[in-house]
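Structure first, commentary second.
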There are 2 protein chains.
Amino acid sequence: MNRIAENPAFITPTVTGPAAKLMTSLSQAIHEHRLKPGTKLGEDDLSEIYGVSRTVVRAALQALSHVQLVELKRNRGAFVAKPTIREAREVFEARALLEPRTARSATERMTDAALARLESHIAAEHQAIAEGEPGRALRLSGQFHIEISHIADQETIAGFIERLVARSSLIIALYWKRESALCEKHAHHALVEAFRRGDGDEAEAQMKSHLIDIVSALDLRDTPEPEVSLRDILAPE
Amino acid sequence: MNRIAENPAFITPTVTGPAAKLMTSLSQAIHEHRLKPGTKLGEDDLSEIYGVSRTVVRAALQALSHVQLVELKRNRGAFVAKPTIREAREVFEARALLEPRTARSATERMTDAALARLESHIAAEHQAIAEGEPGRALRLSGQFHIEISHIADQETIAGFIERLVARSSLIIALYWKRESALCEKHAHHALVEAFRRGDGDEAEAQMKSHLIDIVSALDLRDTPEPEVSLRDILAPE
DNA sequence: TGCAATCCAATTGTATACAAAACTGAATAC
DNA sequence: GTATTCAGTTTTGTATACAATTGGATTGCA
């Protein structure tokens, strides 16, 4: 069983036990856009749905807030995070800084087994699209990037990339232009080809342009920030 | 009151209320090397010391584990983290990737107020050394780097740097060579001078060499990993 | 009718009680 | 003498009970 199957949540859980299951389940739902940004995650609701106590629910929500998939507002509850346009730009600037170089490192450490994993990933993406499950395809697409960072064998940076990919999923949910088609197929395939040839320069360049493509499919023009309540601005704490 | 005074813990707390106070206090103690890597942080002990319930203690410990200052072992408790040599190398590779470029960005956004903050930081470092409090000096020194990342106004990357600096403090506690003197004074001063002149190239270069200096003062030769118990290797979970 | 103050239901924050797991050390078997 | 087992103690994991806060509906008043 490979890592893909072992970690369907993306985010390496930072909690253990029942809370980890809950975290995984919520994380996956958010990544697949079944839970939309802004959705309230009530503790009682979750505790009933998953059959655990609020103690466990709170641990999972706190963990999710640490990876910024969830926003905790004191005394008000947990909500699926809504990154602002400014944050969206930052996320992709950070990805542009980290991922191309990581792709190069991955090239140097590539193995046959790793290549096979990446290809099975792409196949799974295609299958998800064919089956009319764009949410799952999107999640797998993010996981592809994470897999590369793990192959590069830089766990610290991989951890950062996990967070950035997670946040990217929320950003895509909020700011994706309808017109633009999501065709990661070719980009990911081109990356794998570069890996196979051991061409680090090409891998780095492909990753760079792939990220640029994603950003250019987003509508990040300045618009009034997602409703900010007076409370958020003025609250003493 | 500037940010320095507001956030003496380094780590922007990801929890609120009493748990945040506890997190800040523990974080500061770890940064100042009053709490050493490997120290057990018992829940009952902390709850008695701080006069809060274990519920709050657990929230703080979980938050600290998310920034990797604390390691949680299921059913065994919380310990101040002990990064391995391998992790230490990764952390400084990541810093080398992020911080020089961030220093350049900071140069572009530098203001008089920000410069003043950085200088008051250096002054505080000197004072701490003069008063024979090397722990506090070390903490302030880390905070200097974080302040730069905030000036660069890239909060996403600043968050990563916060984590890396925090982890660096643990690494220094574990692997610092006795012989080498900690003389960040000059490095930090040189950085500020570059900022003052608006010389982005110089700031980037200074940051790069500063980080190299730190790493070269560490003893990261391969030694038997910090005692790994059989349990850690063989435990089913 | 419009506005404001107030009360009430719902939800989160914290403490505590109980369950489960792990460590300790003494007794026992070899 | 060494290793092992097992009970007791300690510590962590989870559930539940209670307190505090919020948000909205209701009521009172101009």
Side-chain angles (χ1 to χ4, degrees), chain A residues 13-26 35 38-66 68-82 226-237, chain B residues 13-26 35 38-66 69-82 227-237:
Chain A
T14 48
V15 287
T16 57
K21 286 193 177 59
L22 215 162
M23 184 180 178
T24 296
S25 174
L26 287 173
L35 285 173
T39 304
K40 168 89 187 261
L41 302 172
E43 298 182 0
D44 277 326
D45 298 340
L46 294 175
S47 102
E48 188 168 349
I49 291 167
Y50 287 95
V52 294
S53 74
R54 277 180 52 220
T55 307
V56 172
V57 171
R58 286 173 70 84
L61 290 175
Q62 198 190 328
L64 286 167
S65 87
H66 289 303
Q68 293 181 293
L69 277 175
V70 157
E71 195 174 336
L72 295 182
K73 302 185 185 177
R74 186 168 178 84
N75 288 322
R76 307 214 334 138
F79 304 81
V80 178
K82 288 176 82 168
E227 333 85 78
V228 205
S229 70
L230 271 182
R231 169 180 303 278
D232 288 338
I233 298 170
L234 303 173
E237 182 160 22
Chain B
T14 47
V15 286
T16 56
K21 286 192 177 58
L22 215 162
M23 183 180 180
T24 296
S25 174
L26 287 173
L35 285 172
T39 304
K40 169 86 187 266
L41 301 172
E43 297 182 0
D44 277 326
D45 299 341
L46 294 175
S47 100
E48 188 167 350
I49 292 168
Y50 287 94
V52 293
S53 75
R54 276 180 53 221
T55 307
V56 172
V57 170
R58 285 174 70 86
L61 290 175
Q62 197 192 328
L64 285 167
S65 88
H66 289 304
L69 278 174
V70 157
E71 197 173 334
L72 294 183
K73 302 185 185 177
R74 184 166 179 87
N75 288 322
R76 308 217 356 187
F79 304 82
V80 178
K82 287 176 82 168
E227 333 87 76
V228 204
S229 71
L230 272 181
R231 170 180 303 277
D232 289 336
I233 298 171
L234 302 174
E237 181 160 21

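Proteins get letters first, then strands, A, B, ... in listed order; numbering begins at 1 in each.
Between the P atom of D:dT21 and the CG atom of A:L72 lies a distance of 18 Å, rounded to the nearest Å. Nucleotide C:dC23 holds its C1' atom 11 Å from the CZ atom of B:F79, rounded to whole Å. Between the NZ atom of B:K21 and the C1' atom of C:dG13 there is a distance of 14 Å, given to the nearest Å.
By the salt bridge (charged side-chain N to carboxylate O under 4.0 Å, His left out) test, A:E43 is found to be paired with A:R54, A:R58, residues two or more places apart in sequence or in another chain being considered. Here A:Y50 pairs with A:L22, A:S25, A:L26, A:L46, A:V52 under the side-chain contact (heavy atoms from CB on, under 4.5 Å) rule; sequence neighbours left out. For B:A78, the side-chain contact (heavy atoms from CB on, under 4.5 Å) partners are B:L41, B:L61, B:V70, B:L72, not counting sequence neighbours. Residues that satisfy the side-chain contact (heavy atoms from CB on, under 4.5 Å) test with B:A63, not counting sequence neighbours, are A:Q62, A:H66, B:T14, B:V15, B:M23.
When distances run from any side-chain atom of A:R58 to the nucleotides C:dC23, C:dT14, D:dT14, the shortest one goes to C:dT14. With D:dT14, C:dT16, D:dT22 as the candidates, the nucleotide lying closest to the side chain of A:N75 is D:dT22. Checking C:dA15, C:dG13, D:dT14 against every side-chain atom of A:R54, the shortest atom distance belongs to C:dG13.
Residues from residues 38-51 of chain B lying near DNA chain C, meaning a heavy-atom separation below 4.0 Å, are absent.
A:S53 has a side-chain polar atom (N or O) that falls below the 4.0 Å cut-off from OP1 or OP2 of D:dA15. Taking side-chain N and O atoms only, B:R74 has a distance below 4.0 Å to OP1 or OP2 of D:dT14. Between A:R76 and C:dT12 there is no side-chain polar atom (N or O) within less than 4.0 angstrom of OP1 or OP2.
For the atom pair B:R76 CZ and B:K40 NZ, the distance stands at 7.5 Å (nearest 0.5 Å).
In this structure, B:A60 and B:A19 approach most closely via the heavy-atom pair CB-O, 3.7 Å.
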